[in-house]
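Read through the structure below, which is laid out as structure tokens, and then see the notes.
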Amino acid sequence: MRQVWLPVKELLSGKHEGELVSLRGWIYRTRSSGKIAFTVIRDSTGIIQVTIVKNEVEELESFESARKALMESSVKVTGILKKDDRAPGGFEILASIFNVVDYADIYPITKDQSEVLLRDNRHLWLRSRRMTSILKIRSTVTGAIHDFFRGRGYHEFTPPIFQPNQAEGGSSLFEVKYFDKKTYLSQTWQLYAEAAIFSLEKIYDVSPTFRAEKSRTSRHICEFWMAEMEAAWMDLAEVTEIAKEELKFILARVMERNTEDLKILQRDVTKLMPSLEKPFPTITYTKALEILKDEHGMEVEWGKDLRTLEENKLMESFDTPVVVIFSCMLLSYISVF
RNA sequence: GCCGUUGUAGCUCAGCUGGUGGAGCGUGGGACUGUUAAUCCCAAGGCCGCAGGUUCAAAUCCUGUCAACGGCGCCA
């Protein structure tokens, strides 16, 4: 009979209670007493406790290796799935076979950690529950963007990333050697999109973007992925509405598919509910300055960009995202995230 | 680019007015049949960022330098 490997999520559902099950994964935590060892195994879908009792494994080696194996060792486990309130998640596997596929080196990330350490060990930090959840949400968001635009008759249009010119004023370019010439990494698809709308009319993309700014804020990075749309015949009001619908669509998708991840990240989901239910307002730039002055006592000179400081204050007056428009130009889009 | 802060064990940090380098976690060994990054005992582990200087004596004071982080500016 072919062995069936079940994902953790499936095991925690309780459907297989009392059955002999098999699991492949990586050691997330490990603890042991004299004759009983507990390891928590993780895979991409969650974590589950495996209990290894010295006298109940088929071969003693199973018990010894469970005691020895360090965090992130890869393992294959077979045992009876039991309901047990003492186990995190409510279920555990009482192992009959605990096979260490590969013994991991000492895992450098411990209880005490710093941002720098986590960055230096990004390849390992990716395995954390936190990063796993963030990456799942990110995947949901990207997928939702594609679904949103395709569902409304948009075509995906992919611009070149090597571009010979500058499109957005101000922000700096990354220069790249292009054989014996120079070129730049894309900061936007703008010029290509403007050419393509006369062919496809409605287009969007999700693509890498590079800006050589030495800014050090949580909102500025040198490389990021940007979703952009462009359409023929469209006016500001229409574009604004699409942006609102898009955000709402993405939000609803994340709330639907990433409930567990939001929990792991300890996000306060109730803050997102108004955005799911209520329309997002559009206000003028002038109105935004009035709100800042009247409700928050902040004087901003007319014509100045709103900084993070002002945006944050402005958002205290709203419980959903808000669009701020400036004559015929979209100035800023502010989200509650 | 400017200003500031910090560099001490694998990690997170303490180390007073200069006088023989410390803790917790992790790791290795030992104990424990219900643990929740458990508990208890033992051990190993250090160019005190680097280079000068002051001093009988420097992790500690001074100068320089490198790196990281934070703020501002620029920018989205």
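By convention in this document, chain letters (A, B, ...) are assigned in the order of the sequence lines, proteins followed by strands, and residues within each chain are numbered from 1. Small disclaimer: the values here were computed from a predicted structure and weren't measured.
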In whole angstrom, give me the gap between the [atom1] atoms of [N] and [M].
| N | M | atom1 | result |
| --- | --- | --- | --- |
| B:C40 | B:U54 | P | 49 Å |
| B:A43 | B:C48 | P | 24 Å |
| B:A58 | B:C74 | P | 48 Å |
| B:G28 | B:A67 | P | 36 Å |
| B:C56 | B:A14 | P | 32 Å |
| B:G70 | B:U27 | C1' | 33 Å |
| B:C3 | B:G21 | P | 37 Å |
| B:G19 | B:A59 | P | 9 Å |

Between [atom2] on [N] and [atom1] on [X], what's the gap in Å once rounded to a whole number?
| X | N | atom1 | atom2 | answer |
| --- | --- | --- | --- | --- |
| A:Asp120 | B:G7 | CG | C1' | 14 Å |
| A:Leu185 | B:A76 | CG | P | 18 Å |
| A:Arg67 | B:U27 | CZ | P | 13 Å |
| A:Tyr107 | B:G26 | OH | P | 15 Å |
| A:Phe63 | B:C32 | CZ | P | 10 Å |
| A:Asn121 | B:G10 | CG | P | 14 Å |

Base-pairing assignment for [N] (Watson-Crick or G-U wobble, both under 3.5 Å):
| N | result |
| --- | --- |
| B:A67 | B:U6 |
| B:C48 | none |
| B:G1 | B:C72 |
| B:C32 | none |
| B:G19 | B:C56 |

Apply ring-ring contact (aromatic ring centres under 6.0 Å, His included) to A:Phe148 and list each qualifying residue two or more places apart in sequence or on a separate chain.
-> A:Phe249

Show me the donor-acceptor pairs, under 3.5 Å and distance only, between side chains in residues 19-30 of chain A and residues at least two apart or in other chains.
unit_1	atom_1	unit_2	atom_2	d
A:Glu19	OE1	A:His16	ND1	3.0
A:Ser22	OG	A:Gln3	NE2	2.8
A:Ser22	OG	A:Thr78	OG1	2.8

Side-chain H-bond candidate by donor/acceptor type, [X] with [Y], under 3.5 Å:
| X | Y | result |
| --- | --- | --- |
| A:Thr110 | A:Asp112 | no |
| A:Lys263 | A:Ser133 | no |
| A:His155 | A:Tyr204 | no |

What residues, two or more places apart in sequence or in another chain, satisfy side-chain contact (heavy atoms from CB on, under 4.5 Å) together with A:Asp85?
-> A:Lys83

Looking at residues at least two apart in the chain, or sitting in another chain, which of them share a side-chain hydrogen bond (donor to acceptor under 3.5 Å, both in side chains) with A:Arg129?
->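 side-chain hydrogen bond (donor to acceptor under 3.5 Å, both in side chains) list for A:Arg129, sorted by chain: empty.
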
Near RNA chain B, which residues from residues 13-26 of chain A have a heavy atom under 4.0 Å away?
->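 Output list: empty, so none.
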
Would you classify A:Tyr28 as touching base, sugar-phosphate or nothing, given that sugar-phosphate means primed atoms plus P, OP1 and OP2, and contacts are heavy atoms under 4.0 Å?
->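 Nothing, no heavy atom under 4.0 Å.
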
Quick note, A:Lys35 side chain, CB onward, closest among B:U27, B:U33, B:C69 is B:U33

Residues A:Arg152, A:Glu245: salt bridge by 4.0 Å N-O rule = yes

Residue set satisfying salt bridge (Lys or Arg N to Asp or Glu O under 4.0 Å) with A:Lys68, at least two apart, ordered chain then number -> none

Quick one: salt bridge (Lys or Arg N to Asp or Glu O under 4.0 Å) partners of A:Glu256, sequence neighbours excluded?
->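 Applying salt bridge (Lys or Arg N to Asp or Glu O under 4.0 Å) to A:Glu256 gives none.
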
Under 3.5 Å between N/O atoms: give me all the protein pairs with nucleotides 34-40 of chain B, atom names plus distance.
unit_1	atom_1	unit_2	atom_2	d
B:G34	O2'	A:Arg86	NH1	3.2
B:G34	N1	A:Glu92	OE1	3.4
B:G34	N1	A:Glu92	OE2	2.9
B:G34	N2	A:Gln49	NE2	3.3
B:G34	N2	A:Glu92	OE1	2.7
B:U35	O2'	A:Arg31	NE	3.1
B:U35	O2	A:Arg31	NE	2.7
B:U35	O2	A:Arg31	NH2	3.1
B:U35	N3	A:Gln49	OE1	2.9
B:U35	N3	A:Gln49	NE2	3.1
B:U35	O4	A:Gln49	NE2	2.9
B:U35	O4	A:Arg86	O	2.7
B:U36	N3	A:Arg86	O	2.5
B:U36	O4	A:Arg86	O	3.0
B:A37	O4'	A:Arg29	NE	3.2
B:A37	N1	A:Lys111	N	3.4
B:A38	N6	A:Ser32	O	2.7

Under the side-chain hydrogen bond (donor to acceptor under 3.5 Å, both in side chains) rule, what pairs show up with a residue in residues 91-106 of chain A, not counting sequence neighbours?
->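 Qualifying pairs, neighbours excluded: A:Gln49-A:Glu92, A:Thr51-A:Glu92.
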
